[in-house]
Amino acid sequence: MSKAYNTSLIEKKWQKIWDEKGTFYASEDTDKPKYYALIEFPYPSGKGLHVGHPRPYTALDVVARKRRLEGYNVLYPMGWDAFGLPTENYAIKNKIHPRIVTENNVAKFKQQLKSLGYSFDWSREVNTTDPEYYKWTQWIFLKLFEKGLAYKQEFPINWCTDCKIGLANEEVVNGACERCGGEVVRKIKNQWMLKITEYAEKLIKDLDLVDYIDRVKIQQTNWIGRSEGAEVDFEVAGKGEKLRVFTTRPDTLFGATYMVISPEHPMIEKYKDDINNMDSIIEYKDMASKKSDFERTELVKEKTGVEIDGLKAINPVTGKEIPIWISDYVLMSYGTGAIMAVPGHDTRDWEFAKKFNLPIIEVVKGGNVEEEAFTDIQTGEMINSDFLNKLNVEEAKKKITDWLVEKKLGERKINYKLRDWVFSRQRYWGEPIPLVHCEKCGWVPVPEEDLPLTLPEVDNYEPTENGESPIAKIRDWVETTCPKCGGKGERETDTMPQWAGSSWYFLRYTDPHNNEEFASKESLEYWLPVDWYNGGMEHTTLHLLYSRFWHKFLYDIGVVPVPEPYQKRTSHGMILGENNEKMSKSRGNVVNPDEIIEDFGADTLRMYEMFIGDFEKSVPWSMNGVKGCRRFLDKVWKLQDMVVDGDEYSKDLMTNMHKTIKKVSEDFETLKFNTAIAALMSLINDFNSVGKITRGEMRTFLILLNPVAPHITEELWEILGFENMISDQQWAKWDEDKTVDDEIEMAVQVNGKVRGTIVIAVDANKEQAKAKAMEDENIMKHIDGKTIVKEIYVPGKIFNIVVK
RNA sequence: GCCGAAGUGGUGGAACUGGCAGACGCGCCGGAUUCAAAAUCCGGUGGUAGCAAUACCGUGCGGGUUCGAGUCCCGCCUUCGGCACCA
């Protein structure tokens with residue numbers, strides 16, 4: 001009889017062996033094909049590991065372990081994305097240095113991850129807050145600066161009027177400060193920006209080069225939001241000045257009955273002396289400035305706006321004077337900050353025109369513009385549009401654009417929704433931006449040999465009264481000499497956003513201890529691109545896009561060898577509480593992974609998270625489900641008493657063995673971990689009904705289960721005296737011919753309803769199937785007395801008899 | 001409001017390319033074992049009717065295409081993720 005299945009003993013034992021032997025270190029053997037598997041490195045929060053973390057980690061651990069058995073040199077690294085707001089806020093509250101907070105959190109996370117038995121190469125651990133790491137984050141920033149992709153621009157931040165600090169969007173709740181409830185307004189700051197828009201086209205086009213799940217590609221494409229259209233100049237009456245708009249519908253120009261500019265548009269300031277209702281304009285501006293962009297979107301159902309009294313524009317094709325309004329639905333950050341309003345054919349303009357009683361002109365026939373805007377571009381025909389009349393929308397677009405270009409009234413233009421990346425934070429816990437401002441030379445980079453520019457010590461991590469980062473108070477750090485002219489200079493006191501360190505960490509993993517370069521050319525050549533990157537859907541538009549941008553930039557300056565960083569991108573669903581709500585302390589539905597490991601073992605937790613449901617969907621936690629997985633592993637443990645001699649598969653189990661190898665092998669590749677495990681469960685049920693298994697069957701079974709449950713399988717491998725360790729073996733192979741049964745059960749339908757089943761050879765023909773079917777009483781009953789009008793026979797699938 | 005995704009038994013989910021809906025697990029019911037319980041093992045388990053064979057109904061709702069629809073098409077509803085009213 002076997003010993004009891006003692007999870008904590010077995011799991012600690014193997015974790016120690018793997019650690020000591022360096023079993024999962026990526027080897028230096030570069031003759032082997034490489035495989036680079038990557039998961040999003042965690043933010044080490046003070047709460048410790050969440051049961052959501054192991055889901056993606058286990059999934060790619062399964063892939064990594066399988067790849068090793070398939071003969072690949074695998075890199076599966078782990079690190080810490082450790083700069084960030086929660087740590088900083090914790091530091092402020094508890095007056096502990098964020099570095100110490102980070103160290104503690106990392107230690108806790110690391111211990112927890114180790115207890116799950118992941119095959120990470122811990123020798124390559126990186127930490128974004130380590131000066132030896134952020135030295136290179138700063139270096140990349142300087143390269144961007146050097147190439148003109150970093151620039152300063154005025155950009156609004158969320159400003160809490162009570163705390164007098166800038167807030168992240170997340171900290172603004174219903175227009176109020178999350179911590180003090182104070183009023184939040186938009187305050188303009190001069191900020192560092194990165195020109196991601198310069199890469200907009202490439203970021204869309206090169207999606208063709210990679211294998212991302214469709215919804216990731218779609219979301220990225222939509223986020224970048226390319227649209228073709230035209231910029232058109234409208235003259236401001238009597239001012240000799242042009243007001244430029246972007247439109248995707250230049251064909252509707254004859255229907256433009258008014259203009260709307262953003263409340264922040266510079267024209268307002270410029271012509272303030274000509275504007276008669278400046279008071280109401282300023283009032284409206286103030287109101288708009290109190291809304292975050294998100295609130296402008298969410299709360300503003302009813303259109304609001306104010307007409308500028310004193311300025312008029314001239315429609316360039318009709319020559320008519322039209323009014324100019326301001327409204328917060330027009331944003332300074334998209335297009336030109338001004339629009340031509342065509343209420344007949346744009347829904348927002350229509351609502352606005354109805355509310356303020358502005359004229360609506362129909363220029364595309366097909367709808368009823370008194371009832372609603374007609375926005376169809378497929379079916380309409382131009383009317384009321386002079387030389388465009390009778391054309392369809394597509395033709396009209398082309399003709400008017402040519403006309404505008406010819407008359408120098410406008411030009412073709414491709415616009416993107418994507419905005420440049422605001423790269424400044426007025427915070428302590430981030431990478432210092434390595435620039436010095438000199439009166440004479442302007443912004444000057446810190447020389448490369450002086451990197452890393454490390455964070456100075458401060459007494460207090462709170463931002464200053466005027467919204468500057470706390471490091472602005474450390475005068476002897478701020479005051480320095482200009483690296484260029486040697487004169488007086490001041491350091492930039494803004495730090496980088498959390499996204500910076502995570503935009504290139506996968507490059508550092510390839511050569512994490514390099515002091516000369518962020519990674520050697522050879523390492524990059526060998527390991528890139530990442531073969532499989534899994535992460536959350538919530539990172540699709542920010543992190544994933546930012547890191548692709550940085551990577552493409554590095555490619556363009558010749559320091560990385562491939563144009564795209566990640567060959568394949570997949571995404572996992574969230575794990576919710578048992579009550580189907582997001583896990584959170586306040587909801588009292590948090591599950592602690594340590595307790596699951598303690599009570600059931602790491603293998604059970606790993607297996608449960610893979611079995612819990614569709615990997616790509618969010619799914620509620622279930623304690624009973626955990627028990628079920630433990631029950632399965634108990635059955636696996638008992639198999640050792642059923643093993644009999646024989647390297648071959650027995651006749652009874654032959655087809656099942658080959659089927660299961662195929663199923664598990666394929667499902668692990670396509671994120672269908674749940675059905676792979678279901679197949680292994682079925683197989684063990686078959687083992688139990690046969691009552692004994694050969695060593696050959698057991699061997700294969702352990703190899704198939706190993707990626708999911710590595711500890712118990714290594715232990716059984718050892719107990720049964722198989723050679724070496726499982727991690728030295730080869731992945732199981734299947735024989736396609738042996739995966740199919742000779743005979744199958746086929747459903748027979750009459751008029752599309754199943755009336756019986758027949759057992760026939762897989763390759764039986766229609767006549768044979770029909771003969772069998774006619775033997776079936778119930779089938780005959782439904783055919784009797786009727787005429788057969790059609791027989792549909794799909795070999796191996798179905799036999800359907802249509803009768804009348 | 002916009003972008004993306006998803007709705008299947010009591011429950012988590014399965015279902016290849018349009019081909020027996022509910023694999024596998026949980027729960028529940030019955031039985032074995034036990035002084036008893038837990039654990040374990042065996043059997044059953046979508047709904048309605050029927051002793052049964054079987055019949056009808058059934059994949060969010062309403063239509064449609066097809067010999068055949070969870071799967072495809074049109075129109076809705078609900079839930080989740082993301083957001084920058086994107087002209």
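Note: hydrogens, waters and symmetry copies are ignored here, and every other heavy atom, side chains too, is used. Predicted model only: the values in this text are computed from it and were never measured. So you know, we letter chains A, B, ... as the sequences are listed, proteins then strands, and number each from 1.
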Donor + acceptor pair across side chains of [X], [Y] (<3.5 Å):
{"X": "A:H543", "Y": "A:E40", "result": "no"}
{"X": "A:K627", "Y": "A:N624", "result": "yes"}
{"X": "A:S502", "Y": "A:Y546", "result": "no"}
{"X": "A:T570", "Y": "A:N534", "result": "yes"}

What interatomic distance, in whole Å, is found between [atom1] of [M] and the corresponding atom of [N]?
{"N": "B:U8", "M": "B:A14", "atom1": "C1'", "result": "10 Å"}
{"N": "B:C29", "M": "B:G9", "atom1": "C1'", "result": "16 Å"}
{"N": "B:U71", "M": "B:C20", "atom1": "C1'", "result": "15 Å"}
{"N": "B:C41", "M": "B:G47", "atom1": "C1'", "result": "31 Å"}
{"N": "B:C77", "M": "B:C28", "atom1": "C1'", "result": "32 Å"}
{"N": "B:G64", "M": "B:A55", "atom1": "P", "result": "26 Å"}
{"N": "B:C56", "M": "B:G60", "atom1": "P", "result": "22 Å"}

Note to self: Can you work out whether A:I677 or A:K635 has the more 5'-proximal nearest nucleotide on RNA chain B?
What the structure shows: A:I677
Notebook entry, point to check: Of A:K672 and A:G337, whose nearest nucleotide on RNA chain B comes first from the 5' end?
Noted result: A:K672
Do any side-chain nitrogens or oxygens of [X] fall under 4.0 Å of OP1 or OP2 in [N]?
{"X": "A:R755", "N": "B:C20", "answer": "no"}
{"X": "A:N674", "N": "B:A14", "answer": "yes"}
{"X": "A:K617", "N": "B:A6", "answer": "no"}
{"X": "A:H539", "N": "B:G82", "answer": "no"}
{"X": "A:N688", "N": "B:C41", "answer": "no"}
{"X": "A:S227", "N": "B:A87", "answer": "yes"}

Margin query: If I take atom CG from residue A:D634 and atom OG1 from residue A:T604, how far apart are they, to the nearest 0.5 angstrom?
Written below: 7.5 Å
Of the nucleotides [options], which one has an atom closest to the side chain of [X]?
{"X": "A:R631", "options": "B:C24, B:C20, B:C26", "answer": "B:C26"}
{"X": "A:K753", "options": "B:C57, B:C67, B:G81", "answer": "B:C57"}
{"X": "A:A678", "options": "B:A23, B:G19, B:G4", "answer": "B:A23"}
{"X": "A:W223", "options": "B:A87, B:A14, B:A84", "answer": "B:A84"}
{"X": "A:T247", "options": "B:G19, B:G81, B:A87", "answer": "B:A87"}
{"X": "A:V802", "options": "B:G19, B:G81, B:C67", "answer": "B:C67"}
{"X": "A:N222", "options": "B:C80, B:C3, B:C24", "answer": "B:C3"}
{"X": "A:E538", "options": "B:G81, B:C20, B:G19", "answer": "B:G81"}
{"X": "A:H782", "options": "B:A55, B:C20, B:G19", "answer": "B:A55"}
{"X": "A:I218", "options": "B:A5, B:C86, B:G19", "answer": "B:A5"}

Any strand counts, and the cut-off is 3.5 Å on both contacts for Watson-Crick or G-U wobble. Which nucleotide pairs with [N]?
{"N": "B:C86", "answer": "none"}
{"N": "B:U78", "answer": "B:A6"}
{"N": "B:U40", "answer": "B:A32"}
{"N": "B:U65", "answer": "none"}
{"N": "B:U48", "answer": "B:A55"}
{"N": "B:G12", "answer": "B:C24"}

Next item on the list: On the 0 to 90° scale, with breaks at 30° and 60°, tag the A:F356-A:F352 ring pair as parallel, tilted or perpendicular.
Entry: tilted
Notebook entry, point to check: How are the rings of A:Y793 and A:F799 set relative to one another: parallel (under 30°), tilted (30 to 60°) or perpendicular (over 60°)?
Noted result: perpendicular
Distance, rounded to the nearest Å, where [X] contributes [atom1] and [N] contributes [atom2]:
{"X": "A:M574", "N": "B:A5", "atom1": "CE", "atom2": "P", "value": "17 Å"}
{"X": "A:K638", "N": "B:U40", "atom1": "NZ", "atom2": "C1'", "value": "6 Å"}
{"X": "A:F799", "N": "B:G18", "atom1": "CZ", "atom2": "P", "value": "23 Å"}
{"X": "A:Y258", "N": "B:A87", "atom1": "OH", "atom2": "P", "value": "16 Å"}
{"X": "A:D667", "N": "B:G13", "atom1": "CG", "atom2": "P", "value": "17 Å"}
{"X": "A:D614", "N": "B:G70", "atom1": "CG", "atom2": "C1'", "value": "15 Å"}
{"X": "A:I684", "N": "B:C24", "atom1": "CD1", "atom2": "P", "value": "14 Å"}
{"X": "A:D346", "N": "B:C86", "atom1": "CG", "atom2": "C1'", "value": "11 Å"}

With a 4.0 Å cut-off on heavy atoms, is [X] in touch with a base, just the backbone sugar-phosphate, or nothing at all?
{"X": "A:F246", "value": "base"}
{"X": "A:R215", "value": "sugar-phosphate"}
{"X": "A:I612", "value": "sugar-phosphate"}
{"X": "A:N685", "value": "sugar-phosphate"}
{"X": "A:H345", "value": "nothing"}
{"X": "A:N778", "value": "sugar-phosphate"}
{"X": "A:I801", "value": "nothing"}
{"X": "A:S622", "value": "nothing"}
{"X": "A:G335", "value": "nothing"}

Next item on the list: Step by step, work out the side-chain contact (heavy atoms from CB on, under 4.5 Å) result for A:T58 and A:F673.
Entry: CA-CA 10 Å; A:T58 309; A:F673 305 101; over 6 Å; no
Item checked: Where the chi angle of B:G68 falls, syn if within 90° of 0 and anti if not -> anti
Less than 3.5 Å between a donor and an acceptor, one on the side chain of [X] and one on the base of [N], is that the case here?
{"X": "A:E791", "N": "B:C67", "result": "no"}
{"X": "A:N800", "N": "B:C67", "result": "yes"}
{"X": "A:D328", "N": "B:C85", "result": "yes"}

Check: Can the ring centroids of A:F687 and A:F701 be said to lie less than 6.0 angstrom from one another?
Finding: yes
Item checked: Output field: ring centroids A:Y608/A:W621 closer than 6.0 Å -> yes
